[in-house]
Amino acid sequence: MSTTRTSKPARAGQYLALLGYLVFLAFPFLWLISTAFKPPRELASLHPTWIPKDPTLANFRQAFDEQPLLRAAGNSLIAAVCAALIAVAIATPMAYVMARHRTFLARAATGWVVVSQAFPFVLVIIPLFLVLKNLGQINSLPGLIMVYVVWALPFALWMLVGYVRAVPTELEEAAAVDGAGKLRTLVSITAPLLAPGIVATILFAFITAWNEFFFALVLLKTPEKQTLPVVLTHFIGAEGAADLGPLAAAAFLATLPSLVIFAIIQKRITGGMLTGAVKS
Amino acid sequence: MRARLTTAVTAALVLLLAGCSGDSEGSDDGRITLRFQSLAWQKESVDANKELVKEWNASHPDVKVEYVQGSWDSVHDQLLTSFEGGEAPDIIHDASDDLADFAYGGYLADLGELLPDRLKSDIPKRSWQTTTFGDGVYGVPFLQEPRVLIANAKWLKESGVRIPTPEKPWSWDEFRSVTKELSDGKGKYGVAWPLKEPVSATLNLSLSTGGRMFHRGEDGKVDIRFDKADEIMPRTVHDQVNTDKSASSTTLGMGGSDTLPGFFGGKYAMVPLGFSYRQQIVQQAPKGFDWQVLPAPAGAEGLAQGVSPQTLSVSEDTEHKKEAVEFIDFLLQPENMVRLAQGDWMLPTGTEALKDPALRTEKNDWAVGTALAKDLRSAPAQSVRGYAEWKDKVATPALQEYYSGAIDLDELRHRLVEDGNLVLARYQR
């Protein structure tokens, strides 16, 4: 086994590139924070500054005064958490079967997963709307959750198939040799190794649902049911005019749950991966 | 296959989620409930709408109106899906240039026979034309805004140029020479044209010079022409940007709000904007910034310009059209129309509302706007089928290239007319 030594200039270059990449990624978020704390006159300044000269919480107050942000965030949270958990609960056994049994049906299912990602929202929204209407699930969070589950399922499946394939079949065979039944093998051997993948997939499904706008816009009619992305558009007027300060304040708050969940789960993903690495 | 799978999965999920559901609408007490989807978005405007709904509900115990917040950003797709699914709001707030597809598609009720005479006579015929498609009236136009010049008043006074008024506006030639005079050739410009969406600005302002561009024949078919009268407005802008250097080329790709920092920072003496932008200026202008509203330049047709008013329509599917129209009539009583106009910083269409002293005050130049109301017309082509495609595929790129100096007037004419008529022909077979 050989290791490649990186020269100091090359390493410095790598760090520089990484720093540039981080700055590039962070720029919109930092600008959003800066905008959220600026008074209207600073927002229209010809020479904008990173740090607000006269920082204010007025944008946050106005955002909360004008729109039911907490209620909308609650709706988004319910929809996103339910959708993520249900999608992964359905996808996990399906993924196991698809990864372990390479039959024609499994290959066809994989093909469907790929093709289904090509459908734009607008193509499916009207049939979906009619289906949900017949089920009495228009303007209901459970109806929206169903849509999010269906929408997240293919990609969740795709991700989980990859994770299952990464678990060596030899481990399951060894467990069988040691006398473990199929269920015991799945619960005690496969599931712990899959945990980081399941967490990552839940996170993916959560963020997809948390940020989703179009289905929520079309399916939820009454203000009490609307989710955060829909409510955020209420700060935007005709011809792209926007109430920029409150919009930035509300958008900043909308990003916080994702960041917090990432921060909490990141350790689990990393820890789980390391655990898996040791076992394999 | 996908649809079947979707159905199967959703059916399965219904069982899973059965315990969570419990959303039902409708009342058992015989009261009618109407859903009113409003696109009001600024605080004052939302407040005015909600207050009026509250007042209606207090005085009409049998017909409850439920306020639903919509959004300008996505209203077309959202309404289309709701119409297709039979779940549209009963009363619909939109803009007249978005109504044609819905009207021709049979989604909106013809209000011709339902509207009270008071409302019919209060709103001028020229405004009704914006919501008349074929023989039917599919919306009530209630708020509108002219495009005006918002000017740095101090800069104008110091330059000594003649200040135009609605009675004595600038001609397009005079406007060009004024902007030349206001420019210093070193980064200060007489005007900044925000022309990210150049088509409606060009068509609407060209009405002042007699430009129509869309001509309907006796057979009902429309063809595009680009005559001398159509050239004046676009040529003025082109020459300001490319010949006189009195208009900033960098703002051609901007939206209205994007030009405000430069305006406040003293880069531009004037910016052509919608009348409602005054609110942003009041909120965002530096302390002591002296600004004023001037009428847009006039041509052979005076101050005429096109507008697409905000509208209120009734869904064809609603079982309570009469009650929906009664609510619209209540919402558009003159005093209520004034409240809505103030909330949006726009002009009401109603002649009685326009007489209100609150809209004729010198404060924030409301009076300049109301003086322009009589010259507002239906935006050209908003009822022409194929207009949307012509606008997006032909006119927008052609005008952007012309204004930036990439193509000349002959090429612009060729594209607008030759390419444009090919597009319209597909819709008029």
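All heavy atoms count here, side chains included; hydrogens, waters and symmetry mates do not. Chain A is the first sequence line, chain B the second, and so forth, proteins listed ahead of strands; every chain is numbered from 1.
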Under 4.5 Å to a heavy atom of chain A? For B:Gln310 that would be neither
Could you tell me which of A:Leu141, A:Asp243, A:Leu130 has the largest number of non-hydrogen atom pairs under 4.5 Å with chain B? A:Asp243
Top contributor to chain A contacts, counting heavy-atom pairs under 4.5 Å, from B:Ser200, B:Ser74, B:Gly262, B:Gly255: B:Ser74
Interatomic distance, A:Phe204 atom CZ to A:Leu160 atom CG [nearest 0.5 angstrom]: 10.5 Å
Where does B:Phe263 contact chain A at under 4.5 Å (heavy atoms): side chain, backbone, both or neither? neither
In short, ring-ring contact (aromatic ring centres under 6.0 Å, His included) pairs touching residues 77-96 of chain B with sequence neighbours left out are B:Trp72-B:His93, B:Phe83-B:Phe102, B:Phe83-B:Tyr107, B:His93-B:Phe142
So, the side chain of A:Lys133 versus the backbone of B:Gly85: is there a donor-acceptor pair under 3.5 Å, distance only? yes
Pick one of side chain, backbone, both or neither for A:Thr233, based on which atoms fall under 4.5 Å of a heavy atom in chain B. both
State the CG-CG distance between A:Asn139 and A:Leu132, to the nearest 0.5 angstrom. 11.5 Å
Can you tell me how far CZ of A:Phe155 sits from OG1 of A:Thr201, rounded to the nearest 0.5 angstrom? 9.0 Å
Where does B:Ala95 contact chain A at under 4.5 Å (heavy atoms): side chain, backbone, both or neither? neither
Measure the spacing between CD of A:Gln137 and CZ of A:Phe129 and express it to the nearest 0.5 Å. 12.5 Å
Under the criterion side-chain contact (heavy atoms from CB on, under 4.5 Å), which of B:Gln144, B:Glu145, B:Arg278 is the partner of B:Met346? B:Glu145
Are more than 12 heavy atoms, taken from residues, nucleotides or ligands other than A:His101, located less than 6.0 Å from that residue's NE2 atom? yes
Residues of residues 58-70 of chain A contacting chain B, heavy-atom criterion under 4.5 Å, by residue number: A:Glu66
Under 4.5 Å from any heavy atom of chain B - which part of A:Phe235: backbone
Contact residues of residues 31-41 of chain A (partner chain B; heavy-atom separation under 4.5 angstrom): A:Pro40, A:Arg41
Which value, rounded to the nearest 0.5 Å, describes the distance between A:Thr227 atom OG1 and A:Leu144 atom CG? 6.5 Å
Is the ring centre of A:Trp50 less than 6.0 Å from the ring centre of A:Phe27? yes
A:Gln226 portion near chain B, given a 4.5 angstrom heavy-atom threshold: side chain
Closest heavy-atom contact between B:Leu143 and B:Leu340? CD1-O, 4.0 Å
The side-chain hydrogen bond (donor to acceptor under 3.5 Å, both in side chains) partners of B:Asn57 (sequence neighbours excluded) come to none
Top contributor to chain A contacts, counting heavy-atom pairs under 4.5 Å, from B:Leu260, B:Thr81, B:Val68: B:Thr81
Portion of B:Lys287 that has a non-hydrogen atom of chain A nearer than 4.5 angstrom: both
Distance check, rounded to the nearest 0.5 Å: A:Leu228 atom CG versus A:Leu232 atom CG? 4.5 Å
What one should report as the nearest heavy-atom pair of B:Pro198 and B:Gln400 is CG-CG, 3.9 Å
